[in-house]
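Indexing begins at 1, ligand by ligand and atom by atom, following the structure's order.
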Amino acid sequence: MKQRIFSGIQPSGNLHLGNYLGAIQNWVKLQDEFESIFCVVDLHAITVPQDPAELRRKTIEIAKIYLASGIDPKKSSIFVQSHVAEHSELAWILNTIAKMPELEKMTQFKDKSQKEGKESASVGLFDYPVLMAADILLYNTEVVPVGEDQLQHIEITRTLANRFNKKFGDTFIIPEHFVKKEGMRIMGLDDASKKMSKSAKSEYNYIALTDSEEIIRKKIKKAVTDSGSEIVYRDDPPRVDDASPRVEAGKPALKNLINIYSLLSNKSTGDIEKMYVGRGYGDFKNDLADVVVNFLQPLQAKIEAISDDEVLQILKDGADKVRPIAQQKLTEVKKRVGFVI
Ligand code: AQP
């Protein structure tokens with residue numbers, strides 16, 4: 001029996017290289033080894049304001065990106081979160097065992113509520129981790145492949161599952177996270193102390209998977225680099241806490257660019273350093289732009305070639321396939337808490 005994995009991405013903006021290298025690229029490899037469920041998490045996306053037409057467009061676009069990247073609907077289930085109502089229902093039940101102080105601690109909530117302005121942050125944004133716990137626990141998920149930024153949310157999922165099991169009897173599998181070292185956190189091009197993010201204020205923070213060649217070249221040209229002129233890769237220990245900017249002795253901005261170069265070209269960071277001995281940032285950035293364009297253009301052509309009808313059918317089939325698993329788990333949960341079935 002294969003172990004089951006579950007993961008998802010929000011249709012909340014333009015998917016970027018961070019989402020690809022931190023999540024999707026990893027999923028493509030894992031789908032052969034695990035029974036895989038991949039979701040477009042639209043219920044999560046509306047925890048911050050979304051334009052309805054844009055949300056619809058992005059939901060379809062993200063599913064196309066999954067397919068174009070190599071997620072195979074014959075091997076993996078791909079569906080839209082709001083098509084399986086059990087996610088919201090389980091989230092409500094889990095809300096009743098989640099505690100305010102543990103949600104108040106969540107770095108993503110602190111970050112995003114700061115961005116939105118604390119007074120306008122929604123209750124949904126606060127409750128985001130509980131919905132994520134429901135997503136994962138509904139499917140008896142054993143492993144959750146995510147970027148490093150999501151580790152805190154996996155931890156609270158485990159806490160809620162353990163708490164429920166203790167209170168009502170063994171119901172949920174306690175999931176493990178899976179973060180691959182490479183690509184675990186791609187940083188912003190305009191600020192290497194914060195992760196690359198779709199909801200960043202400036203579009204110069206990220207390279208979207210659908211950016212044109214001209215835009216990609218412009219963004220890489222403008223990307224911040226560190227002082228000095230040598231192309232060197234300085235490592236630093238990973239940190240889970242996203243709220244406080246890192247203080248680093250190395251060259252974090254350059255390190256991030258070399259990481260992207262390395263992950264997209266399959267060259268080691270050491271080889272890249274050697275290639276640029278005695279050469280400056282200008283050469284390095286030109287070549288990096290070539291690498292990114294050469295990677296993204298074929299992906300964009302594949303995305304273009306998938307029709308909306310095709311993707312909608314795949315999403316419907318995916319939801320039909322996973323719904324019975326979710327229904328069975330929710331029924332079990334309802335019995336445990338004492339609902340009349
Ligand atoms: N910069 C990143 N580096 C590595 N992995 C990343 N992920 C996101 N940003 C990076 C991973 O992508 C998956 C989906 O993320 P999401 O869209 O559900 O939410 P997010 O983590 O909040 O991503 P963004 O880009 O920052 O979106 P917004 O700005 O809308 O919140 C996750 O596995 C995540 O780890």
Subset of ligand 1 atoms that lie under 4.0 Å from at least one heavy atom of [X]:
{"X": "H16", "answer": "9 (N), 25 (O)"}
{"X": "Q108", "answer": "22 (O)"}
{"X": "K195", "answer": "1 (N), 8 (C), 9 (N), 20 (P), 21 (O), 22 (O), 23 (O), 24 (P), 26 (O)"}
{"X": "S12", "answer": "30 (O)"}
{"X": "M196", "answer": "1 (N), 2 (C), 9 (N)"}
{"X": "G22", "answer": "4 (C), 5 (N)"}

Is the shortest heavy-atom distance from the side chain of [X] to the side chain of [Y] under 4.5 Å?
{"X": "Y139", "Y": "R4", "answer": "yes"}
{"X": "E230", "Y": "K251", "answer": "yes"}
{"X": "E89", "Y": "K334", "answer": "yes"}

(request) Measure from NZ or CZ of K222 to the centre of the six-membered ring of Y204 and say whether it is under 6.0 Å with the direction within 45° of the ring axis. (result) yes

(message) Pairing donors with acceptors under 3.5 angstrom, does anything connect the side chains of D191 and N205?
(response)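 Checked: D191/N205 side chains show no N/O donor-acceptor pair below 3.5 Å.
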
N/O separation below 3.5 Å, [X] to ligand 1:
{"X": "A23", "answer": "no"}
{"X": "R185", "answer": "no"}
{"X": "D149", "answer": "yes"}
{"X": "P145", "answer": "no"}

(message) Minimum distance, heavy atoms only, to atom 31 (O) of ligand 1: which one of Q10, K112, K198 is it?
(response) K112

(message) Which option wins on minimum heavy-atom distance to atom 7 (N) of ligand 1: V144, N19, V41, N259?
(response) N19

(message) Using a strict threshold of under 4.0 Å (side-chain N to carboxylate O), is an ion pair present between K105 and E102?
(response)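 Salt bridge between E102 and K105, a charged N being under 4.0 Å from a carboxylate O: no.
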
(request) Anything under 30° is parallel, anything over 60° is perpendicular, the rest tilted; go ahead and classify H16 against Y206. (result)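 Geometry flag for Y206 against H16: tilted rings.
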
(message) Between ligand 1 and M187, can you find any atom pair, the residue atom being a heavy atom, that is separated by under 4.0 Å?
(response)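 No, that is not the case, since the closest heavy atom of the residue is not under 4.0 Å from the ligand.
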
(message) Can you tell me if G188 contacts ligand 1 (heavy atom of the residue under 4.0 Å from the ligand)?
(response) no

(message) Using a 3.5 Å distance criterion without hydrogens, assess whether the side chain of E142 forms a donor-acceptor pair with backbone atoms of E176.
(response) no

(message) With a 6.0 Å cut-off on the ring centroids, do Y281 and Y276 count as close?
(response) no

